[in-house]
Every structure is written in C-alpha cells, then in structure tokens.
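The structure appears below as structure tokens.
Convention: sequence-line order gives letters A, B, ...; per-chain numbering from 1.
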Amino acid sequence: MLHHCICSNAELNFLRKNNFTEIKMEYKFSEIENKWKKFWEENEVYKVTEDPNKPKYYVLDMFPYPSGAGLHVGHPLGYVASDIYARYKRLKGFNVLHPMGWDAFGLQAEQYAIETGTHPAITTENAIKRYREQMDKIGFSFDWSREVRTCEPNYYKWTQWIFLKLYNSWYNKETNKAEPISTLIEKLQSTNYSRKESRDETKLQTNTEKAWSELTEAEKQHELMNYRLAFQSYSEVNWCAALGTVLANDEIKDGKSERGGHPIERRKMRQWFLRITEYSDRLLDGLDNLDWSDAMKEMQRNWIGRSEGALVKFKVQSSKFKVEQPLEVFTTRPDTIFGATFMVIAAEHELVNTLTTPEQKAEVEKYIAYVKSRTDVERQQEKKVTGVFTGSYAVNPFTNENIPVYIAEYVLGGYGTGAIMAVPADDERDKKFAEKFGLKIVDIVDKSMYPGATIEDKVGKMINSDFINGMEVKDAIKAVIAEIEKRGIGKKKVNYKQRDAGYSRQRYWGEPFPIQYKVVGQPDPHFEGGETDDIPVPLTPDKLPLILPEVSSYKPSGDGRAPLANNADWVKNNYETDTMPGYAASSWYFLRYMDPKNDNEFATKDKIEYWKNVDIYFGGAEHAVGHLLYSRFWNMFLYDLGLVPFEEPFKKLVNQGMIQGRSSFVYRVEIINRTTDLVSSEIIVSKGIADKIKLGEYTVFQIVDLIEKQTGRKIEVGEYIYKGPPAIAGDMSVSDIRVDISLVNNDELDVPAFTNRRRKDDDFLLLLTENGTFICGSEVEKMSKSKYNVVNPDDVIEKYGADCFRMFEMFLGPIEQSKPWDDKGISGVSNFLRKFWRLFYDDKGWKVKDEEPTDAEYKVLHKTFKKIAEDIERLNFNTSVSAFMIATNELGALNCSKKKILEPLLIALAPFAPFITEELWSALGNKESIHTATYPTVEEKYLVENSHTYAVSINGKVRAEITLPIDISADDAKAQVLALDKIKQWTQDAEPKKFIFVKGKIINVVV
RNA sequence: GCCGAAGUGGCGGAAUUGGUAGACGCGCACGACUCAAAAUCGUGUAUCGCAAGGUGUGUGGGUUCGAUUCCCACCUUCGGUACCA
C-alpha cells in the first residue's frame, strides 16, 4: 500500500497523471469493498482455530432457513449486530468463534417441489448460494470453513445419532437425569421394582399384573415406550382429506386449507414424541442463571406452566346407566370446590361417548364435528361461548349435589386431564359459560378486604364452603387437598402446561428416522384408529446416516403417510416413512460448529471443552418457546449422558427485533348486478375512496359518476344496478389488493407501471382517485415475498455501500425493537461516511498530518471511545453510530486531521464499517489488517470536568441555568442560586420551602 | 382468549440509577458557493402565544420536591400460541 504521508511531489504528480488521486480523493465504496472482500478471503483473516493461549469467546447467530426469496433487509439486522460484537471482541484480544450455517430442511422447499417437481436439494442449494453471495457483500467476519448444512448426510448423520440416544434413554427420577434404557431394564427385571408406581404420570399401557420376565417381546417394547425419551404415541393432526395430507398450522387459514380452501379435520395418528416434560423442572430452574431478558424467561416459564394443585375424581351418573369410571379433573384451586356447580370436558375426552345420553346424542355429535374443524388456537380465542350438555351428571364430592357435565371447546384435551370442575364464581370463562347456559353460581370467596383484586387473584376468605369457611385462600387450598387425600378421591399434583414435543412430520424434506419396523400386522390393541402394532427397531449407529432416498412424488401418499411411502424400496425395508421436524437439526447445531467435519463424533471432546457454551446468542424473539426451549432440552440431555460439559447452551441471549415491511394496498371495488350476480369490470380505487365506501359514504351511483368523470367510461347503470330503491353500500364490495412496493413511492402509486403490470388490456382497468394522485393504503407486517413488500439488501448496498448499509441498520433504532424498514434516513449515514473520509482526503488529496493533537482533540477522541465501548457492551449500537457522527462533526469543526487522533478512531469504527476503515488504515501505512489490531483504551485524564452547568427549576420546572464548581457544597450552591435574578422573580426573596441539590444533576427550588 | 413486548416532533429515534424531554439523523425552510444544477457548507425547526408564559412522551388516574422512567386501569400495534422457521 502507498504511504501517502511520505510521498514526494514527483510521486504525487505521477499518481495524478495516472488518475490515482482521483480514485483516492473520493470515497468509492464499491472499489474499496470489492478489494478488501477479496483480500480477507485470500488471507483467511477470519479463520479461527483453538488457541489455548487466548481466552475464547463464542458469538452465535441463529442460522437462517435459506428460502427461495433470498435475504431481505430484515435478516442481516442480527448478523450485523453480532458481527460488530464479534469484531469488537477480537480487537479486545479474544479468540472468537463466529460461524454461520444453514437450517436447510423445511416446508417451503418441499411445497415448491410439489408444485414444480424440482428436488428440494436443488432449490436449497441455490438458495444457499444466493444467501452466501448476499452475506459476503455485507462484509461479515464469519469463519466459513466451519459452515454447516443440516440437510447434508454428514450433518444429519449426527441428528439421527442423537435421536437414537434419546430413543435408547429414559429419565431416572431418582438420579434426576437421563440414563441409558439398559439401566431401566435392569430395574424392571428386579422383582422389588414396582412398575406401577414408577411412572405415576403415565397410564401404563401394558398388563402390570404380570412380572417383567413373563411379558412377550412386544409387551416389553410397549412398556418401554412409556419411558423412552423418544417414543411413539397417538396424537391429533390437521388432516385435510381433499389434499390427502396432514397440514401444518401455518397452512391453515380460517379453519380451511390455505391452498384450495378445503375443510380440515382433527385426526389421530401414531407419531413420534420427545419426552421434554421430564425436563420441565430443570428447564425452569436453569432460567435463573441465564443472562436473558426477563421477558424471554417469563415466556419460557409460562410456556412450561408449572402449577400446583390437585387431581380430584368426580363420580358420574347417567340417567340411563351407571358409569364406573370417575371423571378426573386437575384444578389449581381445590379450595373453590364448594362452588363447582358444573363440569366441562374436552371434545376429545375419552368419556364423551359414555356420558352422552341418547337424547343428547345428535346435538353432541354436531358439536363435536364443529370442534374438530377448528384448531386449538381458534378454539381458545373465540369470544363467543359455545358448548353442549352431555345429558349426564357428576356428583360434587363435597356438596353431594348433582352437577351437569358439558362439552365445550375452551377445555382442551391436551392440558391437565381434559376435564375441569367449573367454578363460575371464581373463574372468568366458567362464569361466562354459566351465564350463557343458565347454570348455578355460588359465591365462595369473599374478596371485599382486598380492594382491586380481580376474580382470578388467589386471595380472599372462603364463604359458603362448610369446613373451610373463614379460611384464607392459601390455607383453604391446603385443607381441601388434605381432605381429598384423606377420603381417597384425589391427590396433590404438580401439573405442567408444557406437553411432550411432537417429533413426526408427514413430510419428505427432513431427516429420516433411523427406525425399521418389525412387522406384526395386527391392529394396535392399545389405540383406536386401526393402525398396525408394528414394533420399531432402531438401526445400529454404524448404519448411519440413513440417507434420505429419492421419491417418485413429493406428494404425500394420500392415506396419511408421508412421501417416503412413494419409494418402494423404502417401504419394502419397513423404514419409518415420517421424517423429523424442523427443530431437530437446530437443537444442536451450535455444537457442530466446533468440529464441523468430524466423521466419527458429533464433535470431539477437546474442542467442546475449549469452546464450551455460546457466550452470546443473537436471534429473533419469535423463537422464545420453540427452538430456544428444544435446544436447551437437547443440550441438557447430552449433558446427562456426559457428552457435553455444560448444562445450558446459551449464556447470554439478544433478541433482535424484526424489521417489518411496509406493504401497500390498492382497493378493488366490485359492483354486483343483482339480477345476474355478474361482476363489473375491474375498478381499482385509492385509499380515500375505499375508506368512504366502507363507511357507506359513497353510493354505487356516485361511483358510476366518478368512473365517467375520471375515465370517460360509461357504466351501464341498468346493467349493474338493481332498479328500485336507492343503491346502498351493500351493492358494492371492496377488497384489498397488495401492490408491489416497487410501484409505490411515498404511498403514491406509479399509475402507468401499475396499469402495465396489472392487465395488458387496460380497457377494463379503471382507476379512481380523489384528487388526481393515487394514494395507496399501507400496513406494517412481516416482510415476505407473498406480501410484495420485500426490500433486498443488494439494492441498498449497490447504491450506498456495505459499510453504509451496516451502519444504517444499526442506526435505525435499538436492536431489540421491531421497526418497519424505511430507507429515507439512509442518506444521513452515507453523508457521515463521506464526511469521515474527508477527514483523510480533501480535493487536494491526502491531508493526514503527524502533528501533536490538542487537549480538545484528545477529549473528542476519548469521549468517543468511552461512549462506544459502553454502548457495545450494552449492545446500544444505534447510539454508537450517532457518537461516531458527533465525533466526526466535532473533529471537522476543529479542522483536525491528525494521525494520532484518526488512527485509533479507525480501530473503534472498524467493527461497524470494516471496509472503509481497512482502506484508510492501510493508507496510513499499516501492513496488517485493521481487524487484527488492538482496541484503544480510554484515557480518563482528558475527560475530567471541574464545573457543571446545573438546570435550576422552580417546583420542577426549569427556569434558569447556573454553572458551579463540581465540588461546591449544597449551602454555597443555595446561596448562589437564590441570588439569581431569574430565581428571585419566583421566590420573591422569601425563604423557599425546600431546596434540593443533587450533585452533578439538578437543583430544584420549592416555593 | 392466553403469554410477551412496544407506543415520545412531519419521520427513525435519544434521555444509562426518578433529575434540563426531543441527542444523532431524515425531512422541511432560509442562506452561502455556482451561469445553473448536483454536491458541499451554514442557520432554523415539538406546539400555542407578539411576549411573559402555557401545553406536551398512547388514554385516564396515583406516588414524588421532581415521572418518558415507578404503581393501577384502559386503548392500539407487533411477536408467540405447540406441524413456518
């Protein structure tokens, strides 16, 4: 690199002649960025190896799913932040692991394959290539030699391997950790181990009367399924008969399939699960020691939903016949049992048929069909109260009253026992239900001594409750549980909202299960549903990876089985046809980065010991209870088996907000011909008109007039409008149409471009506006291709450069906050970079001098260091950017281009703007990359202040200012302040009521 | 519905522990340079008021000498809600 300071005039002239200075004097970001991108790659500047002499630091990003749409400007937000942090840590002397990879299995590529026949591997490969190119442009310091791709056999081999570990493990409650299943079998074989007691939560599905040794192999396997951490059970899926496939919740809109609008039905299927509930308590307790936001911890706590309460059995009697099996409920409020005036069971409760009386049968069946067509979310968010009486009654064991049993969708099969005792006096939803169905309400808690307490608060004194009358709620809970246990009708119980994690997907593009079935061919005796009782047999680890085979069709088989059923060999070998879910691979990928190419282990022990857990993890808050819970669980499991030396995988978590898109809308008006139901030609109106139509402020006649006025086109009124009473808004319908944001500028539609794209034959396209300009509606929502609101980072970089893009993303606002993308402010950052560049170059060329800086210049420098270092530690990158702007403005004002100021400032800026700083660093004569430099230290001596300008307020309102020495006493300050003319105006020379002096902050005079 | 978060000028946002609300930037206005434009530089910019002064951080209330910050109730928007990742 040329060292400009020592260039002779002759050299400069030579350079000028060769047009070099022009390149240099102007900030040409694309040349600079291309040059250094290449340099970093060729010199492997970001490659990292285990180095015992340096402290390690692991900076991780949640790896992306490479979708066909490419990266949009929202994706890099977290990556830029983590990159700044990783670069900062490197400059501070840490050995930083900062990898990136691809979460490459998923639904989108599969859907694309179904539509086009292209193999998902090809789509995925292309998407990765595109993402990689886009990322490289931004200048990330990832060590790409450690890249992982979850869809490749050398990766999913280890996903399958961990699955086998889960399958072959059980959770020993005595040692409180996972152990190999062999230790369980030993216990089961021993005669003094009670199989019935060992799993109180699970209904054992085998005959526990027989001794273990007397069981058949199939019976043994069935029983072991109750313990395995990866196990099979039955659960409901969204079955779409018309499409012959199981649908993800995401593929359902308003209770219908998104594609085609077909009806959905809940259908029970045999599925794999992970027994995450065994870890519920540890997942809860572990949160206490994590450096995560309280919000994130709270969400996980609430998701796990630990609650203490009681299981209570209610006897049931039907008018026609006797029911042997009691109805069991879980309640967190056993104290309210005297107010339990009815019961509600879930539509999928096993006693539904038994309890339904012949008179109620038709109504119950109708209701159950309705519930089955709805997802859990829909069932709970419904504001209207629905339900149906079974015809049967249960007996409240404490009041001995007969209470009716209802079925309602607000009770879910998956939570608790799928049945509740309803206490309308003390539960909001029960109350609404009771009011709707005219059921008895008995007040049982007096809250009058707790003003402001809500219906659900666990406070008050019991009334109308026999032996617990007068007790506080807390004590009453204990007393009732004791009584329940004494009478043998129930027991104390801890319940978790969290359920075991569904692990089967009826999909192609995922990891195959390393499972081969031993065919029995008999219907499963333990479950309804007609599935066969085949016994899963795990592959031995040496058979891994079990490669995902080609299939003749990516469509599901149609009978509920996954696309792998379309491969004859696969079926012949009795391999499992389901595949693993999306979260499988992402539950452990952070470990693979440590040793990504290892064929013999998922990662070797030495390397795991060196890198340990992730020090800081950047990712979206949308993963709060999914990925972040699953990966904690997997890591704890591996810890139990002694495969990793730490229980928690992510020490610190940063949730970057989502950058949302701003979608634009136009509005299509349909005028309906009442006699023929025909729809008029396409009429597109602006937001103002659409709003008025929706409010009923425009009649059809007025719209027809508008059309004629604005387009000259006459709509045959008679043809479209019912002749008779005046048309009302109901004669038109308005629907929102998304319009690509590239056709919209400041909410104004580019009418010619829109017309062009919308319809070739614009004869039928009528655009209406209120005053000439076509203003679109807008909405802030997730950025996505289907919403036509995607902004591509490539375009931004092309226009402004990568350094500018990086700094602008940071400048947008706090990293944790969601915000819509708006590139209006980007020119500010662009201006800053050019101003910064001009500290080094002006029209005459290089201007950096070797002079000794003044104290004022040093002060600017060290003030900035201090601010930046504090900001980075606190992850306030937006204010760091503004600190750099302030420093540049101040140095510009001081006309300072001194090397001793600019060189260290470059290092501080390097994590944010790696390209421009590298270029200027090299222009200063440095041979090594700036990214291997040492971070400057703050020298406090330049920052010492000896006076402070206080704001003086009267009764909290600022009225004056006064500059006082920093170590002045309160009394001296008071004397000086009260002598101020402005203050005298308010005090009228009277002694103030109060004088508040907060050193270095404020003075307040109360009069 | 439930769980979590956010709401501050025309716009993005700042205010770190309860202590001068609006840093920094965009936009806008005016000015300088220029034949002109662009670029650049400078000045101003919460709001009402001539001013003194008043009002102002989603809404309503409270605590405090002092509240964007703490408490209570509510409204709106966003994320998650167990098969999108």
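- Side-chain atoms of A/E251 and base atoms of B/C84 include no donor and acceptor less than 3.5 Å apart.
- With a glycosidic angle no further than 90° from 0, B/G9 counts as syn.
- Side-chain polar atoms of A/Q498 and A/T277 form no donor-acceptor pair below 3.5 angstrom.
- Taking atom CD on A/E890 and atom C1' on B/A23, their separation rounds to 12 Å, with Å as the unit.
- Counting to the nearest Å, the C1' atom of B/C83 and the NZ atom of A/K253 are 13 Å from each other.
- Between A/Q498 and the phosphate of B/A82, there is no side-chain N or O to OP1/OP2 separation shorter than 4.0 Å.
- For B/C41, the paired nucleotide is B/G31, the pair qualifying as Watson-Crick or G-U wobble because both relevant distances are below 3.5 Å.
- Between A/Y589 atom OH and B/A85 atom C1' the separation is 11 Å, expressed in whole Å.
- Distance check on atom C1': B/C11 versus B/A46 gives 13 Å, rounded to whole Å.
- Judged by Watson-Crick or G-U wobble contacts below 3.5 Å, the nucleotide B/G7 has B/C75 as its partner.
- A/V881 comes within 4.0 angstrom of nothing in the nucleic acid, heavy atoms only.
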Please lay out, stage by stage, how A/N302 and A/E298 fare under the test side chain to side chain contact (heavy atoms under 4.5 Å, CB included). CA-CA 6 Å; A/N302 291 332; A/E298 199 57 22; 3.8 Å; yes
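- Following rounding to the nearest Å, A/W303 (CH2) and B/U81 (P) show an atom-to-atom distance of 7 Å.
- Looking at heavy-atom distances under 4.0 Å, A/A295 makes contact with sugar-phosphate atoms alone, never a base.
- If you check every strand for non-hydrogen atoms under 4.0 Å, A/K993 touches nothing.
- Using a 4.0 Å heavy-atom distance criterion, A/Q271 is classed as a base contact.
- Taking side-chain N and O atoms only, A/R834 has a distance below 4.0 Å to OP1 or OP2 of B/U40.
- Here the side chain of A/N889 is nearest to one of B/A82, B/G25, B/G19, namely B/G25.
- Figure legend. B/C65 is base-paired to B/G19; pairs are counted as Watson-Crick or G-U wobble with both atom distances under 3.5 Å.
- Taking the side chain of A/N1004 as heavy atoms from C-beta on, and the options B/C84, B/G19, B/C26, the nearest nucleotide is B/G19.
- The nucleotide B/U57 finds no pairing partner, because no Watson-Crick or G-U wobble arrangement with both distances shorter than 3.5 Å includes it.
- A side-chain N or O of A/W272 and one of A/E576 form a donor-acceptor pair less than 3.5 Å apart.
- The side chain of A/R874 contributes no N or O atom lying less than 4.0 Å from OP1 or OP2 of B/U16.
- Taking 4.0 angstrom as the limit, A/N249 places a side-chain polar atom (N or O) nearer than this to OP1 or OP2 of B/A82.
- Here, B/G53 and B/G58 have their P atoms 27 Å apart, quoted to the whole Å.
- Proximity of A/K782 to the phosphate of B/G80: a side-chain N or O atom is located under 4.0 Å from OP1 or OP2.
- A close approach under 4.0 Å does not occur between any side-chain nitrogen or oxygen of A/K824 and OP1 or OP2 of B/C26.
- A/R632 forms a cation-pi arrangement with A/W292, by the criterion of a distance under 6.0 Å to the ring centre and an angle within 45° of the ring axis.
- A/N302 contributes no side-chain N or O that forms a donor-acceptor pair with the base of B/C3 under 3.5 Å.
- Checking side-chain atoms of A/K432 against main-chain N and O of A/D427 turns up no donor-acceptor pair under 3.5 Å.
- Rounded to whole Å, atom C1' of B/A82 lies 16 Å from atom OH of A/Y503.
- The closest side-chain donor-acceptor pair between A/E511 and A/T579, if any, does not fall under 3.5 angstrom.
- Using a 4.0 Å heavy-atom cutoff across all strands shown, A/P64 reaches no nucleic acid atom at all.
- For A/T963 and A/T949, the side-chain atoms include at least one donor-acceptor pair closer than 3.5 Å.
- When the nucleotides B/A15, B/U16, B/U20 are ranked by their closest atom to the side chain of A/E961, B/U20 comes out on top.
- On the C1' atoms, B/U17 is 28 Å away from B/A73, given to the nearest whole Å.
- The side chain of A/N878 places an N or O atom within less than 4.0 Å of a non-bridging phosphate oxygen (OP1 or OP2) of B/A14.
- Residue contacts shown for A/T949 include a base, since a base heavy atom lies under 4.0 Å away.
- The separation between A/L77 atom CG and B/C78 atom P is 19 Å, rounded to whole Å.
- The CD atom of A/E622 sits 16 Å away from the P atom of B/A5 (whole-angstrom rounding).
- Between the CD atom of A/E870 and the P atom of B/A15 there is a distance of 12 Å, given to the nearest Å.
- Between A/R959 and B/G54 there is a side-chain polar atom (N or O) within less than 4.0 angstrom of OP1 or OP2.
- Between B/A38 and B/C33, the distance separating the two C1' atoms is 12 Å to the nearest Å.
- Distance from the side chain of A/F811 is smallest for B/C24 among the nucleotides B/G13, B/C26, B/C24.
- For A/F105 and A/Y65, the ring centers are positioned 6.0 Å apart or more.
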